[in-house]
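Here's the structure we're looking at; comments come further down.
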Amino acid sequence: MSFPLLTATAALPAIGAIATAAVPAARRTAAKWLALLFSLATLVLAGIALARFEPGGARYQLTESHAWIKDFGVRYELGVDGIGLALMALTALLIPFVILAGWHDADPLETTSSRWRPTQGFFALILMVEAMVILSFEATDVFLFYILFEAMLIPMYFLIGGFGDRAHTGSDENAAAQRSYAAVKFLLYNLVGGLIMLAAVIGLYVVAGTFSLSEIAEARASGSLSMATSTERWLFLGFFFAFAVKAPLWPLHTWLPNAMGEATSPVAVLITAVVDKVGTFAMLRFCLQLFPEASKWATPVIVVLALISIVYGALLAVGQRDIKRLIAYASISHFGFIILGIFAMTSQGQSGATLYMVNHGISTAALMLVAGFLITRRGSRLIADYGGVQKVAPVLAGTFLIGGLATLSLPGLAPFVSEFLVLVGTFSAYPAAGIIATTGIVLAALYVLVLYQRTMTGPVKAEVQGMADLKVRELAVVLPLIALLLFLGVYPKPLTEIVNPAVQHTMSDVQKKDPQPEVEAAK
């Protein structure tokens, strides 16, 4: 039997989580290095998976299949297409930076008991999230995916509620209450979505007799599986609702600003750059593949919701006074672009949406982590508490600017390619929707540039006067991300070669072809 590469890629961070949690309380630094080494080893395995993947080969590669719960037809089935592989690699790439950026975020306070091990718990939870997210991108059994989809909520709940942002303007009691509120809201929203999805998962099994994507696809191709129109639509809605909460799509988005605002900056990156991608990925893998007719039926409404997310998120970002909440609302707008690209039902739109998932992860990580370094120095998340930072910390200001420019999709940086493809694909199918979506670009320029102007330019405020510039560890976090943004901005081919064949399979699932441009005959 060949080496189970996909299992190993997910199992390694899970083992690392257990090992990190077991480190003695006094050995906090050892726990940090152990977590970092496991995350780097996971990145190596993800790189091997990338090298072994053949873009023109079978739809799902590096597959594994084993009987699990035979009485219920549940199998341990794994496999990656280009979309799942790209997101798996993104997750493995970002976790080492998340760990480095959060190096001191969970250090115990002087008043903390020596028996308490917050550092070990913090990094163990991050690795556990990584394991579950990677496995969710690999799962080709619907029930296995559902378990992972729900299980990743548990470590995220403790990361948000137990390790909140220390840069809080209120009292310790008020800060703890807000963290608790954000964590509970995150958990409840996603649990409700998951419970509705569970009903749909059971309904799918009743109709199809299996949870396996490959078996369902074979049954559809042979004509032995047919769903009544109403059944397919109800099942689609059950799946889509859960994914829309996770994504998050308006009006199911309200948990995200609270969660990102109260979490530490590395955990905020974990939320929006890693965990939330499971929702948009699942729309491509499960909604479109399992319920093609229902997906086309729901497309007009979903396009409208995506447009509302784009404009609404951007408008609220413009009016924010809190740096982290501004980035959260910007992410809501960006997820609107991703969902719009998916349901434009064009190859350009879906390729752009997949690239957007990857590039948004990198750009948001760069911006949020630099923002976290800034907030840690000043001890405040309020934009009004800053001014003139570029004069005392020019490297910090410069990297913050590049992260912001990537967020507004400046040409030459990676998100521009994604946004351009999404808009091209949308214009060709829904011209009016494409026009409305472009307003998100204008608003993005407004909120990013205003944020930079108010925090980095102008007179140097007294509280900012002695601010230190980025240190070596912080540069090790930010510079590779900026290099990736530049590289993929001018040369996205390595990503598109992996993603495009998977997009063509998805287009075939929904039996859609790209609209042909209308050209008037020469007179």
- If we only count heavy atoms from C-beta on, is the S136 to F145 side-chain gap below 4.5 Å? yes

- Message: Quick one: does any side-chain atom of E232 pair with a main-chain N or O of A294 as donor and acceptor, under 3.5 Å?
- Response: yes

- Atom CD1 of I95 and atom CD1 of I134: how far apart are they, to the nearest 0.5 Å? 7.5 Å

- Any donor-acceptor N/O pair, S295 side chain to C287 backbone, under 3.5 Å: yes

- Message: Are the side chains of I99 and L127 in contact, using a 4.5 Å heavy-atom criterion?
- Response: yes

- From CA spacing to verdict: side chain to side chain contact (heavy atoms under 4.5 Å, CB included), L213, L290: CA-CA 8 Å; L213 279 179; L290 293 173; 3.5 Å; yes

- Heavy-atom distance under 4.5 Å between the side chains of E138 and T9, does that happen here? yes

- Message: Between F240 and F343, does the ring-ring contact (aromatic ring centres under 6.0 Å, His included) criterion hold? Intermediate values first, please.
- Response: CA-CA 12 Å; F240 181 80; F343 284 90; 5.8 Å; yes

- Find the distance between CG (L340) and CD1 (I302) and round it off to the nearest 0.5 Å. 11.0 Å

- Are any side-chain N or O atoms of R473 and backbone N or O atoms of L100, one a donor and one an acceptor, separated by less than 3.5 Å? yes

- Item | Donor-acceptor contact below 3.5 Å, side chain K246 vs main chain A282 | no

- Query: For V80 and R285, which heavy atoms make the closest approach, and how far apart are they?
  - Reply: CA-NH2, 4.1 Å

- Task: May I ask you to check whether Q120 and T20 show a side-chain donor-acceptor distance below 3.5 Å?
- Result: no

- Task: Decide yes or no for L488 and V417: does some side-chain heavy atom of the first lie under 4.5 Å from some side-chain heavy atom of the second?
- Result: no

- Message: Which residue in the set L288, V422, L421, N500 passes side-chain contact (heavy atoms from CB on, under 4.5 Å) when paired with Q350?
- Response: L288

- Heavy-atom nearest pair, A502 first then G82, reads CB-N, 3.7 Å

- Partner residues of F186 under the ring-ring contact (aromatic ring centres under 6.0 Å, His included) criterion, sequence neighbours left out: W255

- Task: Keeping the roles fixed (side chain from R381, backbone from K324), state whether a donor-acceptor pair exists under 3.5 Å.
- Result: no

- Message: Before you tell me yes or no, could you show the steps for T140 and T63 under side chain to side chain contact (heavy atoms under 4.5 Å, CB included), namely the whole-Å CA-CA distance, both residues' side-chain angles and the distance that decides it to 0.1 Å?
- Response: CA-CA 9 Å; T140 56; T63 55; over 6 Å; no

- Message: Any side-chain to backbone donor/acceptor pair from S309 onto G336? Under 3.5 Å, distance only.
- Response: no

- Query: Nearest heavy-atom pair of D105 and F122: which atoms, and what distance?
  - Reply: CB-CZ, 4.4 Å

- Do the non-hydrogen side-chain atoms of V358 and V499 ever get within less than 4.5 Å of each other? no

- State, yes or no, whether a side-chain contact exists between L45 and I48 at a heavy-atom distance under 4.5 Å. yes

- Report yes or no: does H334 contribute a side-chain atom to a donor-acceptor pair with the main-chain N or O of Y356 at less than 3.5 Å? no

Let me check something: any side-chain donor-acceptor pairs from residues 361-368 under 3.5 Å, sequence neighbours excluded? List them with distances.
| unit_1 | atom_1 | unit_2 | atom_2 | d |
| --- | --- | --- | --- | --- |
| S363 | OG | N359 | O | 3.0 |
| S363 | OG | H360 | O | 3.3 |
| T364 | OG1 | H360 | O | 2.9 |
| T364 | OG1 | H360 | NE2 | 3.0 |

- Taking atom CG of L93 and atom OG of S39, what is their separation to the nearest 0.5 Å? 10.5 Å

- State, without any angle test, whether E64 and T7 hold a side-chain donor-acceptor pair at a distance under 3.5 Å. yes

- Of all the heavy-atom pairs spanning Y76 and W68, show the shortest one and how long it is. N-CB, 3.8 Å

- Gap between atom CD of E77 and atom CG of L6 - 0.5 Å precision: 12.5 Å

- Message: Is it the case that over 12 heavy atoms from other parts of the model lie below 6.0 angstrom from the CZ atom of R27?
- Response: no

- Within the side chain of T91, is there an N or O that forms a donor-acceptor pair under 3.5 Å with the backbone of L87? yes

- Task: Begin with the C-alpha distance, continue with both residues' side-chain angles, and end with the deciding distance and a verdict on side chain to side chain contact (heavy atoms under 4.5 Å, CB included) for V269 and F97.
- Result: CA-CA 10 Å; V269 170; F97 298 121; over 6 Å; no

- Nearest-0.5 Å distance, CE of residue M227 to CZ of residue F236: 12.5 Å

- Item | Side-chain heavy-atom pair V74, Y205 within 4.5 angstrom cut-off | no

- Item | Closest non-hydrogen atom pair, L256 against P248 | CD2-CG, 3.7 Å

- Describe, in one word, how the ring planes of F243 and F286 are oriented to each other, choosing from parallel (under 30°), tilted (30 to 60°) and perpendicular (over 60°). tilted

- Message: If I compare all heavy atoms of Q61 with all of E54, which pair ends up nearest, and what's the gap?
- Response: NE2-O, 2.5 Å

- Determine, stepwise, if the pair M152 / V275 fulfils side chain to side chain contact (heavy atoms under 4.5 Å, CB included). CA-CA 8 Å; M152 67 180 69; V275 172; 4.0 Å; yes

- For the atom pair CZ (R75) and OG (S214), what is the distance rounded to the nearest 0.5 Å? 8.5 Å

- Message: Could you check whether atom CH2 of W234 has more than 12 heavy atoms from other residues, nucleotides or ligands sitting under 6.0 Å from it?
- Response: no

- Side-chain contact test, heavy atoms from C-beta onward, threshold under 4.5 Å: evaluate it for I332 versus P257 and give yes or no. yes

- Task: Check whether any side-chain N or O of E497 sits under 3.5 Å from a backbone N or O of P494 as a donor-acceptor pair, and report yes or no.
- Result: no

